[in-house]
Amino acid sequence: MRDNRVIAPQLLDWYDRHARVLPWRVLPCRDQDSPVRADPYRVWLSEVMLQQTTVAAVKSYFHRFAALWPTVQDLAAADDAQVMAEWAGLGYYARARNLLACARAVAAMGGFPDTREGLRELPGIGAYTSAAIAAIAYDAPETVVDGNVERVVARLFAVQTPLPVAKPELVALAEALTPRERPGDYAQAMMDLGATICTPRNPACGICPLIHDCDARAQGIAASLPRKAPKAAKPDRTGIAWVARHGEAVVFEERPAKGLLGGMLAFPSAHWDGRDLPPPGAAAWREIGHVRHVFTHFNLSLRVMAGDLDAAPRWGHLVPLSRIDRDALPGLMRKVWDMARADLAS
DNA sequence: TACGCGTGGGC
DNA sequence: TGCCCAAGCGT
């Protein structure tokens, strides 16, 4: 029978030798008399960016944000539109809006709370992120449970119950493993193990530091865990994006703060329900192509229509061609702009 | 509780 | 190619 108390020391010993080097991370320090702690601001910024997002995608964004706004006070004072533009391309744009709201709340209270409960009350900080900041930045003995930890624990204990029903059970098991010593390094070690060894497919059990503690490995079912409830089918949707030119400028709109691509710059388009009507004021529209885009919960095929307005538009706002910043657009709108730009050049 | 919410990479 | 996945949160 496995002894839960040996898991953490074994994992920490592995982490001391194999921790990933990441821009927001302070390397593990065996000298616990004078531990080097990470800056809570940088931990928070990285954790929000990493929500449902890969390390590879986050790195360049983290560097830019940290350079533009080195402290939470700097970010709190930032211009909303610039923050949204810098976030463009990273996805889940509610995170960017919550990021600003959180920065302003933290600046107003003079700094980040140092407890999980205090952090949990801030916008964009939920069950996982509050525990992660408390553990990593303050070395509080909190248990982080992200997708990595769910997978590692489901395998260690051979939990067969499918997610999300299994979540409470996995949390309880994860809490039972969390040590009082170095909980911050332990939290990062669990996630590093899940990201590099205990991977979703083809786990590298042969080099896993916990191979002798793993029930799923013993039963030969590691790769099949955690089980997950079947996902709903993704519907196909169609719509139209309008690239409306007026002189040497193009019409953009800022999307409503809530909902899909909320708060982002976009070409005018309607509800993507297949019966989108053209915006008023154009002499003639011509179809220049289609773009396809995959969202979390539907597939989109968007007709791209271009036209020249005979008068200044009463909707949206004009952006001069020379000042259109592709990087400030969400991914879907980058595709539309690439198509329109190629059409303009031809 | 279950759904809405982006994007890119791996296989 | 299509599907799965990635340090989840808000409602």
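The chains referred to below are lettered A, B, ... by the order of the sequence lines, with proteins before strands, and numbering in each begins at 1. Treat the numbers as computed from the prediction; the structure is a model and nothing was measured.
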Distance between the C1' atoms of B:dT1 and C:dG8, in whole angstroms? 16 Å
Answer yes if the ring centres of [X] and [Y] are under 6.0 angstrom apart, and no otherwise.
| X | Y | value |
| --- | --- | --- |
| A:F65 | A:F62 | no |
| A:Y41 | A:W69 | no |
| A:W44 | A:F112 | yes |

What pairs of nitrogen or oxygen atoms, one from the protein and one from nucleotides 2-4 of chain C, lie under 3.5 Å apart?
none

Show every side-chain hydrogen bond (donor to acceptor under 3.5 Å, both in side chains) that has at least one partner inside residues 327-339 of chain A, sequence neighbours left out.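 Sorted pair list: A:H293-A:K335, A:R326-A:D338, A:D338-A:R341.
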Tell me which pairs pass side-chain hydrogen bond (donor to acceptor under 3.5 Å, both in side chains) where either residue lies in residues 216-231 of chain A, with sequence neighbours left out.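 Not a single pair qualifies under side-chain hydrogen bond (donor to acceptor under 3.5 Å, both in side chains).
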Cation-pi, A:Y92 ring and A:R95 (6.0 angstrom, 45 degrees):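 Output no; distance or angle outside limits.
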When you measure from every atom of DNA chain B, which of residues 49-73 of chain A have a heavy atom less than 4.0 Å away? A:Q52, A:T53
Sequence neighbours excluded and cut-off under 3.5 Å, please list the side-chain donor-acceptor pairs for residues 167-180 of chain A, or say none.
{"unit_1": "A:T178", "atom_1": "OG1", "unit_2": "A:T143", "atom_2": "OG1", "d": "2.7"}
{"unit_1": "A:T178", "atom_1": "OG1", "unit_2": "A:A174", "atom_2": "O", "d": "3.1"}

Partner residues of A:Y128 under the side-chain hydrogen bond (donor to acceptor under 3.5 Å, both in side chains) criterion, sequence neighbours left out: A:E47
OP1, OP2 of C:dG10 versus side-chain N and O of A:Y92: anything below 4.0 Å? no
